[in-house]
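To keep things clear, I will list the structure first and then write my remarks on it.
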Amino acid sequence: MTNLSKRLKDSVSFLLFCSFVFLFLFAEMVNTNPIFDHIPSSFFNVNTIFLSIILEAIPFILLGVFVSALLQTFVSENAIQRLLPRNVYLAVIPAALLGLIFPICECAIIPVVRRLIKKGMPAHVGVVFMLSAPIINPVVYASTYFAFQSTPYMANARMVISFISAMVIGLVMYRLFKEDTILKERKERHHHHHHDHHHTRGNKFADTLYHASDELFDTGKYLFIGAFCASLFQTFLDRNLLLSIGTNSTLAPGVMIGFAYILSVCSNADAFVAASFGSTFSKGALLAFLVFGPMIDIKNTLMLFAYFRKRFVVSLAIVTFICVYLTVYLFQLILHF
């Protein structure tokens, strides 16, 4: 990406965020002033949804970039290599369960996984961790169990399907990109001294802050653009069309996967959104929504493009769609959801 296009994207993201914050702070004045009467009310819906996504995601983004920075500064490549099984296939099992220890949402996980891959974690293991951690963790399990109190098996089914899907997707991506570099080459903008392991404690603290600010700047602009796209879809999408095919066992899971991609709801809260469709969509379709959304949605797709090569991101999205759909469809057939 050229410097001009990077500056343009940075400027658009900044202006986009500032304009929506302005509308949020002065919404009452805008609503009552006749000068703004010609502005459609749907525009203010976009503004509200956009800000809700940003405010929901920012704390987790901050968590993710600081974890990423700490990994860069304090964790060595050798430590990563020692912690993982050497067997390509066995390594995906602990990776899929890491979310039980590190409950990181889909917004925060991307910079963390990128840093782990740079530190020596095999790419396919990083993919498994990235896909499973936002779902297979105590917070998400509790929220899903609470949202589906009348059908508590939904929480267990979500965990099992996510566990299986993440491992299968990781192994497929291993076969597709075994010898390829999936990370983009990025230049660090901050300082010019080397990051070795002979720094003093003070320097390590400064390095952590530098890395965190660098990650936050790069991740944030993609979050803003992705949140804006999601807010447009949520405002203008004709949901009645989706609801009309919600009970079709073949089409409904695919529709809800698309819905999950568009809505871009955080995994800590998406169970309540899914439960609101319980009277219209099949249980299998709701599970497709609950599994696919935290793995791939609009905002984290754009964030993935910031760190990973385009071919890898597109392939990951396609493989994830196919795997989640087929896994949910098989569960429907076996368990009669």
Going by side-chain heavy atoms closer than 4.5 Å, which hydrophobic residues are tied to F146, directly or by a chain of links?
F272

Using side-chain heavy atoms (C-beta onward) and a distance below 4.5 Å, is [X] in contact with [Y]?
X    : Y    : answer
T301 : Y261 : yes
I182 : M173 : no
Y325 : T250 : yes
L176 : V319 : yes
F331 : V160 : yes
L316 : I169 : yes
F148 : L290 : yes

Which value, rounded to the nearest 0.5 Å, describes the distance between [X] atom [atom1] and [Y] atom [atom2]?
X    : Y    : atom1 : atom2 : value
L287 : M154 : CG    : CE    : 4.0 Å
T151 : Y145 : OG1   : OH    : 10.5 Å
Y153 : R158 : OH    : CZ    : 15.0 Å
N137 : M159 : CG    : CE    : 7.0 Å
I257 : M295 : CD1   : CE    : 10.0 Å
I161 : I136 : CD1   : CD1   : 11.0 Å

Does T327 use its side chain to pair, donor to acceptor, with the backbone of S165 at less than 3.5 Å?
no

Check: H124 side chain, V88 main-chain N or O, donor-acceptor pair, under 3.5 Å
yes

From the list T144, I109, V139, V140, side-chain contact (heavy atoms from CB on, under 4.5 Å) partner of S267 resolves to V140

If you take all heavy atoms of [X] and [Y], which pair is closest and at what distance?
X    : Y    : result
L131 : I135 : O-CD1, 3.9 Å
L286 : A274 : CD2-O, 3.4 Å
Q332 : G284 : OE1-CA, 3.3 Å
I110 : Y307 : CG2-CD1, 3.4 Å
S132 : A95  : OG-O, 3.5 Å

Is the F312 ring parallel, tilted or perpendicular to the F177 ring (thresholds 30°, 60°)?
perpendicular

Classify the ring geometry between F321 and F292 as parallel (under 30°), tilted (30 to 60°) or perpendicular (over 60°).
perpendicular

Taking only residues two or more places apart in sequence, or in another chain, which ones meet Y141 in a ring-ring contact (aromatic ring centres under 6.0 Å, His included)?
none

Are M167 and L330 grouped together when hydrophobic residues (ILVMFWY) are joined by side-chain heavy atoms under 4.5 angstrom apart?
no

Which is it for I117 and F308 under the side-chain contact (heavy atoms from CB on, under 4.5 Å) test, yes or no, and what are the steps along the way?
CA-CA 11 Å; I117 292 175; F308 297 90; 4.0 Å; yes

N300: what forms a side-chain hydrogen bond (donor to acceptor under 3.5 Å, both in side chains) with it, not counting sequence neighbours?
none

